[in-house]
Each structure stands twice: as structure tokens, then as C-alpha cells.
S.K.: 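Structure provided below as C-alpha cells; questions to follow.
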Amino acid sequence: MASSLTRAGVVWAFLSSLSAAASCVGFFMPYWLLGAQMGKPVSFGTFRRCSYPVRDEAQGFTVMVEQCGRYATFQGIPSPEWKICTVVTGVGCGLLLLVALTALVGCCVSELISRAVGRVAGGVQFAGALLIGSGCALYPLGWGSEEVRQTCSNTSGQFDLGSCEVGWAFYCTGAGAGGAMLLCTWLACFAGKKRKQYPY
């Protein structure tokens, strides 16, 4: 099976897949922010949450439901900053995934990725990683929302965690974006083979 990638291109395809996978997994998992409420562990993502309080009308008090799920509507996301973060990070992850899949197909199909196509793919990766990085930078602006404050002992604020801590999914998303921006964008410039010039 012929490949349209150089050796650097194969490394680029592999690292692009790893970066896209890390960013997408981190984005989807609700472990960006970790805290506790009513003695139960609580975690947040940009559009998902684990453990939430529910008012039990029959008993007359609030209980914690220990389940993970996404917010019922986009408007249910606790802060406008997290809404923007969700959209921006999601688009960035989509771009990284698109380039990674194209790179993997380029390992098996000849004449798919030329030097010019590789450079364009690197630019798309850079834009995707920049969007994800922007989403990660916006995320702490939502720490002052009422839902987060309840989980962080009412001491959190913008860029102030209070009693909460940053979870592994936040770092995973950022690491995927960093790998795409620093390594993959550079390797993409050398990914495609030079086209043969035919004298006709």
C-alpha cells in the first residue's frame, strides 16, 4: 500500500492522532474542576457535571444524586464563559480530529498529502489548538458562578479555586492542544512527499 507521507509525515500522523485524542477525551470528560458538596465529590467539565443536588419534595430536604451527565440545555451551563468555552473548545477539537483522520488516511493513500496540503493541514491544526487554548483560558472565568461557588465552599471566584482543584481532564485537553500547536504544526510542513515532475 503506497503512502503519501514522508517518515516525518508518519510521525506527524501519529502525534496528530495522539493530540486529537487527548484533547477530545479531556473535553468530553467532566473532570475539569473537582470539589465537594454536602460531603459528596462533585466535578465539572465545560458542559457536563458529576453529582448534583436535587430537592426531594416527599422528604422535604435536598439530596445529592451521584451521577454524571450533561446539562439538559445549552442555557443550563452555569456561566456565559463556560458556554463560550464549550463552543470554542468543541470546534478546536473537531479541527484537530479532522486533520488527524486525514493524516491517518494519508498513511495508506498515495498522492493525498503533498507538501502544500501538509502545510495547510498544519495551519488548521494551529488554529484548532489555538481555539482549544482559548477555551482553556476562558474556563477559570466561570469559577465565580453560583453552582461552582456552592461546590468550592463559597470561596471561589474568577481565577480563584477556593477549596476546589483543577482536574486531570483540563490538563489532558491543554496538553493535546499544546502538542498539536508546538509539534504537529511544525512536523506538518515536512509531512508530504514532493510531487514528481513529469516532462509532458
Side-chain angles (χ1 to χ4, degrees), residues 18-97 125-184:
L18 283 181
S19 295
S23 291
C24 291
V25 166
F27 172 62
F28 185 73
M29 290 295 165
Y31 303 108
W32 284 42
L33 184 65
L34 309 173
Q37 190 174 354
M38 297 172 62
K40 305 286 185 186
V42 177
S43 60
F44 294 94
T46 61
F47 64 97
R48 298 183 76 213
R49 176 182 176 156
C50 288
S51 299
Y52 49 91
V54 173
R55 180 86 178 149
D56 186 351
E57 296 299 331
Q59 302 277 338
F61 56 87
T62 304
V63 296
M64 288 297 286
V65 177
E66 295 186 70
Q67 295 177 348
C68 294
R70 66 180 200 275
Y71 291 99
T73 65
F74 187 72
Q75 297 306 318
I77 296 174
S79 73
E81 294 86 4
W82 282 13
K83 292 174 187 171
I84 296 168
C85 176
T86 298
V87 172
V88 167
T89 307
V91 170
C93 286
L95 290 174
L96 290 189
L97 202 56
Q125 276 183 313
F126 187 84
L130 196 61
L131 286 170
I132 294 169
S134 300
C136 289
L138 283 170
Y139 190 72
L141 292 172
W143 293 348
S145 70
E146 187 60 32
E147 243 181 86
V148 175
R149 288 180 58 78
Q150 290 171 357
T151 301
C152 301
S153 305
N154 289 316
T155 56
S156 67
Q158 291 185 345
F159 292 97
D160 181 11
L161 283 169
S163 64
C164 289
E165 60 186 44
V166 176
W168 66 265
F170 180 84
Y171 294 117
C172 185
T173 306
M181 186 179 283
L182 300 174
L183 283 174
C184 297

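Everything numeric here is computed off the predicted structure, so don't read it as measured data. In what follows, residues are counted from 1 in the order of the sequence shown.
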S.K.: Tell me, yes or no, whether the heavy-atom count around Arg149 atom CZ, taken from other residues, nucleotides or ligands under 6.0 Å, exceeds 12.
M.R.: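 Enclosed.
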
S.K.: Is a side-chain donor or acceptor of Ser23 paired with a backbone partner of Ala177 at a separation under 3.5 angstrom?
M.R.: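 Pair found, side chain donor or acceptor close to backbone of Ala177.
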
S.K.: Please determine, by modelled atom types, if Ser145 and Ser79 share a side-chain donor-acceptor pair under 3.5 angstrom.
M.R.: no

S.K.: If we only count heavy atoms from C-beta on, is the Tyr71 to Pro78 side-chain gap below 4.5 Å?
M.R.: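 Side-chain contact under 4.5 Å: yes.
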
S.K.: Name all pairs fulfilling the ring-ring contact (aromatic ring centres under 6.0 Å, His included) condition that reach into residues 74-94, sequence neighbours left out, sorted by first residue then second.
M.R.: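 Residue pairs with at least one partner in residues 74-94: Phe44-Trp82, Trp82-Tyr139.
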
S.K.: Any heavy-atom pair between the side chains of Leu34 and Tyr31 that's under 4.5 Å?
M.R.: yes

S.K.: To the nearest 0.5 Å, tell me how far Ser19 OG sits from Met181 CE.
M.R.: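 Separation between the atoms: 11.0 Å.
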
S.K.: Nearest 0.5 Å, what's the OG1-CZ distance between Thr46 and Arg70?
M.R.: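 Rounded to the nearest 0.5 Å, the OG1-CZ separation comes to 12.5 Å.
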
S.K.: Within a strict 4.5 Å, meaning less than it, do heavy atoms of the Trp143 and Leu161 side chains meet?
M.R.: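 Yes, at least one pair of side-chain atoms sits under 4.5 Å.
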
S.K.: Check whether any side-chain N or O of Ser43 sits under 3.5 Å from a backbone N or O of Pro30 as a donor-acceptor pair, and report yes or no.
M.R.: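 Yes.
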
S.K.: So, for Trp32 and Gly26, which heavy atoms are closest and what is the spacing to 0.1 Å?
M.R.: NE1-O, 2.7 Å

S.K.: Should the SG of Cys85 and the SG of Cys136 be checked, would they turn out to be under 2.5 Å apart?
M.R.: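 No.
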
S.K.: Quick check: closest heavy atoms across Gln37 and Thr151, and the distance to 0.1 Å?
M.R.: OE1-OG1, 3.3 Å

S.K.: Can you list everything that forms a disulfide bond (SG atoms under 2.5 Å apart) with Cys24? Sequence neighbours excluded, please.
M.R.: none

S.K.: Could you measure the distance from the NZ atom of Lys83 to the CD atom of Gln75? Nearest 0.5 Å is fine.
M.R.: 4.0 Å

S.K.: Using the salt bridge (charged side-chain N to carboxylate O under 4.0 Å, His left out) criterion, which residues pair with Glu147? Sequence neighbours excluded.
M.R.: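 Glu147: salt bridge (charged side-chain N to carboxylate O under 4.0 Å, His left out) contacts with Arg49.
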
S.K.: Of all heavy-atom pairs between Leu33 and Cys164, which one has the smallest distance, and what is that distance?
M.R.: CD1-CB, 3.9 Å

S.K.: Can you name the residues that form a side chain to side chain contact (heavy atoms under 4.5 Å, CB included) with Val65, not counting sequence neighbours?
M.R.: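 Testing Val65 for side chain to side chain contact (heavy atoms under 4.5 Å, CB included), a comparison that skips the adjacent residues, returns Tyr52, Val54, Gln67.
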
S.K.: Mind checking what makes salt bridge (charged side-chain N to carboxylate O under 4.0 Å, His left out) contact with Glu66, not counting sequence neighbours?
M.R.: Lys40

S.K.: Could you grab the distance from atom CG of Leu96 to atom CD1 of Ile132, nearest 0.5 Å is fine?
M.R.: 4.0 Å

S.K.: Quick one: are Arg48 and Phe28 in side-chain contact, heavy atoms under 4.5 Å?
M.R.: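 A side-chain contact under 4.5 Å exists here.
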
S.K.: What residues, two or more places apart in sequence or in another chain, satisfy ring-ring contact (aromatic ring centres under 6.0 Å, His included) together with Phe47?
M.R.: Phe27

S.K.: Compare every heavy atom of Ser163 with every heavy atom of Thr155, then report the nearest pair and how far apart it is.
M.R.: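 It is OG1-N, 3.5 Å.
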
